[in-house]
Enquirer: 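Can you keep this structure in mind? I'll have questions shortly.
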There are 2 protein chains.
Amino acid sequence: MALNESKTSADRFQQMLDKLKSLDFRITPQRLAVLRILAASEDHPSAEQIFEKVRIEFPTTSLATIYKTIVLLKGLNEVLELGFPDGCNRYDGNRPFPHPHVICTGCGKIMDAELKSLDGLKEEIHKKTGFRIQHHRLDFFGLCQECQETM
Amino acid sequence: MALNESKTSADRFQQMLDKLKSLDFRITPQRLAVLRILAASEDHPSAEQIFEKVRIEFPTTSLATIYKTIVLLKGLNEVLELGFPDGCNRYDGNRPFPHPHVICTGCGKIMDAELKSLDGLKEEIHKKTGFRIQHHRLDFFGLCQECQETM
DNA sequence: TCTTTATGGATAATAGTTATCTTTTAGTAA
DNA sequence: TTACTAAAAGATAACTATTATCCATAAAGA
Ligand SMILES: [Mn+2]
Ligand SMILES: [Mn+2]
Ligand SMILES: [Zn+2]
Ligand SMILES: [Zn+2]
């Protein structure tokens, strides 16, 4: 399989679990639940949304546990955080590396986007600015097809 | 002058002032100070940094006034807000339209970057997703040349 | 100068996230 | 299986950039 290609939910779950085990982090039911949700989600859920799903299975779970698990996975590069200044941050557990997103300003939907012509930009930036680029963030804001019809 | 080309500080100041006057907003000393600072700055200052500069001239100025002026200018598309989830937002009064930035993860410096190959991306995204794109945000994170030498 | 009302100044409120502290439990070895 | 211990969970306080509120002030026009 090519690098950065999308994997199945089960693949990603196992990948994250293996990473935790290999680094001797404890495997708790709460962590497993967060891992399952992140691996399965396609819609870039918020911490609150993850929290609500975990609570269905484990009603005593604390929101702090969700945040602590997210911080842990971020540090292991197993989840991509899409931070927003207003409103809440969103998370991508399927593709935990920088990639373009399209964000609907109507309904808040966030989708992945492929862009072939993005590859050369890092090098172009390095040559012009001298920066050693570590990562990037590319968001397109607009109206999704559903919101175009209703607005 | 070509569209989106950089203007002198005086040009931008006058442009913002004309916009406020044409819409019958009141011209106050505090607003003039914020306009001057935004028009002259090349370093994407934070609200706090603008506040400190305004206070040199008008020591009784409130931070709320800075924020209210920024909100006003944002609504008139006369300043570009670079929102960050952690830490404070930064503002560009010289180029109040979306454009790429390089951000130093060492010292926090934010610089403008030119990218010719960015032009076609919006159309490519529209064709693939059906979104009607309104604006975008492109950030490259890395180490500036100074920070590369000291880290 | 007078009047009107937008704006300034001071401060309270907001909200997502993080820190703190106590209790519980996962992992391990006897 | 049981006991031990460090790590993680749960509850809640703290944090902080920004926004809202409210009254005082002053810009703009007559
Ligand atoms: Mn994504
Ligand atoms: Mn800029
Ligand atoms: Zn939508
Ligand atoms: Zn730097």
Side-chain angles (χ1 to χ4, degrees), chain A residues 16-35 37 44-76 78-91 108 110, chain B residues 16-35 37 44-76 78-91 108 110:
Chain A
M16 291 193 268
L17 183 54
D18 289 345
K19 178 79 79 86
L20 290 184
K21 282 183 176 172
S22 72
L23 293 170
D24 286 331
F25 289 105
R26 293 190 179 172
I27 307 306
T28 66
Q30 294 89 344
R31 279 183 176 166
L32 287 174
V34 173
L35 258 56
I37 291 163
H44 306 83
S46 66
E48 189 70 36
Q49 289 170 327
I50 297 170
F51 178 51
E52 284 161 14
K53 286 194 177 181
V54 173
R55 282 201 123 172
I56 297 174
E57 217 177 339
F58 302 98
T60 65
T61 304
S62 168
L63 182 56
T65 297
I66 309 298
Y67 276 110
K68 281 187 270 197
T69 304
I70 287 172
V71 168
L72 175 65
L73 293 173
K74 270 198 295 178
L76 302 177
E78 289 294 334
V79 69
L80 179 73
E81 181 178 61
L82 298 178
F84 295 95
D86 39 5
C88 51
N89 297 348
R90 308 274 290 260
Y91 299 93
I110 300 182
Chain B
M16 293 193 268
L17 183 55
D18 289 345
K19 178 80 77 87
L20 290 184
K21 281 184 176 172
S22 71
L23 294 169
D24 285 331
F25 289 105
R26 292 186 182 175
I27 308 306
T28 67
Q30 295 88 343
R31 279 181 177 167
L32 288 174
V34 173
L35 258 56
I37 291 163
H44 306 83
S46 66
E48 190 70 37
Q49 288 170 326
I50 296 169
F51 178 52
E52 284 161 15
K53 286 194 177 181
V54 173
R55 284 201 121 170
I56 297 173
E57 215 176 340
F58 302 98
T60 65
T61 305
S62 168
L63 182 56
T65 297
I66 309 298
Y67 276 109
K68 282 188 268 198
T69 305
I70 288 173
V71 168
L72 175 65
L73 293 173
K74 270 198 297 179
L76 303 176
E78 290 294 335
V79 69
L80 179 72
E81 181 178 60
L82 298 178
F84 295 95
D86 37 8
C88 51
N89 298 347
R90 308 274 290 259
Y91 299 92
I110 300 182

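We use all heavy atoms of the structure for the numbers below, so side chains are in, but hydrogens, waters and symmetry mates are not. Convention: sequence-line order gives letters A, B, ...; per-chain numbering from 1.
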Enquirer: From CD1 of Ile70(A) over to C1' of dG16(C), roughly how many Å is that when rounded to an integer?
Expert: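 Nearest whole value for this atom pair: 12 Å.
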
Enquirer: Take atom CG of Asp86(A) and atom P of dA15(C), then tell me their distance rounded to the nearest Å.
Expert: 13 Å

Enquirer: Where the side chain of Glu57(B) meets the backbone of Val54(B), is there a donor-acceptor pair that is under 3.5 Å apart?
Expert: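 No.
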
Enquirer: Measure CD1/Ile66(B) against P/dG9(C) and give the value in whole Å, please.
Expert: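 Rounding to the nearest Å, CD1 of Ile66(B) and P of dG9(C) are 8 Å apart.
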
Enquirer: Which nucleotide, dA8(D), dG16(C), dG10(D), lies nearest any side-chain atom of Arg31(A)?
Expert: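 It is dA8(D).
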
Enquirer: Between the two ends of the helix from dT1(C)-dA30(D) to dA30(C)-dT1(D), what is the bend in degrees, rounded to 10 degrees, where each end axis spans five pairs?
Expert: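 Roughly 30° between the end axes, to the nearest 10°.
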
Enquirer: For Leu35(A) and Leu20(A): C-alpha separation, side-chain torsions, deciding distance, then whether side chain to side chain contact (heavy atoms under 4.5 Å, CB included) applies.
Expert: CA-CA 10 Å; Leu35(A) 258 56; Leu20(A) 290 184; 3.9 Å; yes

Enquirer: Would you kindly give the CG-to-P distance between Leu20(B) and dG8(C), to the nearest whole Å?
Expert: 10 Å

Enquirer: Name the nucleic acid region contacted by Thr61(A), choosing base, sugar-phosphate or nothing; use a 4.0 angstrom heavy-atom cut-off, strictly under.
Expert: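 Contact class for Thr61(A): sugar-phosphate only.
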
Enquirer: Look up atom OH in Tyr67(A) and atom CD1 in Ile50(A), then write down how far apart they are to the nearest 0.5 Å.
Expert: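 Going from the OH atom of Tyr67(A) to the CD1 atom of Ile50(A) covers 9.0 Å.
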
Enquirer: Scan nucleotides 19-30 of chain C nucleotide by nucleotide, 5' to 3', and note B when protein non-hydrogen atoms come under 4.0 Å of the base, S if they reach only the sugar-phosphate, - if neither.
Expert: B-----BBS---

Enquirer: Rounded to whole Å, how long is the line connecting atom CZ of Phe51(B) with atom C1' of dT11(C)?
Expert: 13 Å

Enquirer: Distance check needed: dA15(C) P versus Tyr67(A) OH, whole Å only.
Expert: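 From Tyr67(A) OH to dA15(C) P: 13 Å.
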
Enquirer: Just the rounded figure in Å: distance from C1' of dT18(D) to CZ of Arg90(B).
Expert: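 Answer to the nearest Å: 17 Å.
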
Enquirer: What's the closest nucleotide to the Thr65(B) side chain, out of dT19(D), dA9(D), dG9(C)?
Expert: dG9(C)

Enquirer: Excluding sequence neighbours, so at least two apart, what forms salt bridge (charged side-chain N to carboxylate O under 4.0 Å, His left out) with Lys74(B)?
Expert: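 Salt bridge (charged side-chain N to carboxylate O under 4.0 Å, His left out) list for Lys74(B), sorted by chain: Glu81(B).
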
Enquirer: Side-chain N or O of Asn89(B) versus OP1/OP2 of dT18(D): is the shortest distance under 4.0 Å?
Expert: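 So the side chain of Asn89(B) is within the cut-off, an N or O lying under 4.0 Å from OP1 or OP2 of dT18(D).
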
Enquirer: Check this one for me: any side-chain N or O of Ser62(B) less than 4.0 Å away from OP1 or OP2 of dG8(C)?
Expert: no

Enquirer: If we ignore hydrogens and angles and just use 3.5 Å, is the side chain of Arg31(A) paired with the main-chain N or O of Arg26(A) as donor and acceptor?
Expert: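 Confirmed, Arg31(A) side chain pairs with Arg26(A) backbone.
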
Enquirer: Do the non-hydrogen side-chain atoms of Leu72(A) and Phe25(A) ever get within less than 4.5 Å of each other?
Expert: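 Heavy-atom side-chain distance check passes, below 4.5 Å.
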
Enquirer: To the nearest 0.5 Å, how far apart are SG in Cys88(B) and CG in Leu82(B)?
Expert: 11.5 Å

Enquirer: Under 3.5 Å, side chain of Arg90(B) to main-chain N/O of Pro45(B), donor-acceptor pair present?
Expert: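 No, because the side chain of Arg90(B) does not come within donor-acceptor range (under 3.5 Å) of the backbone of Pro45(B).
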
Enquirer: Could you give the distance from CD (Glu52(B)) to OG1 (Thr61(B)), rounded to the nearest 0.5 Å?
Expert: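 The OG1 atom of Thr61(B) is 12.5 Å from CD of Glu52(B), to the nearest 0.5 Å.
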
Enquirer: Using whole Å, report how far CZ of Arg55(B) lies from P of dG8(C).
Expert: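 Between P of dG8(C) and CZ of Arg55(B): 15 Å.
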
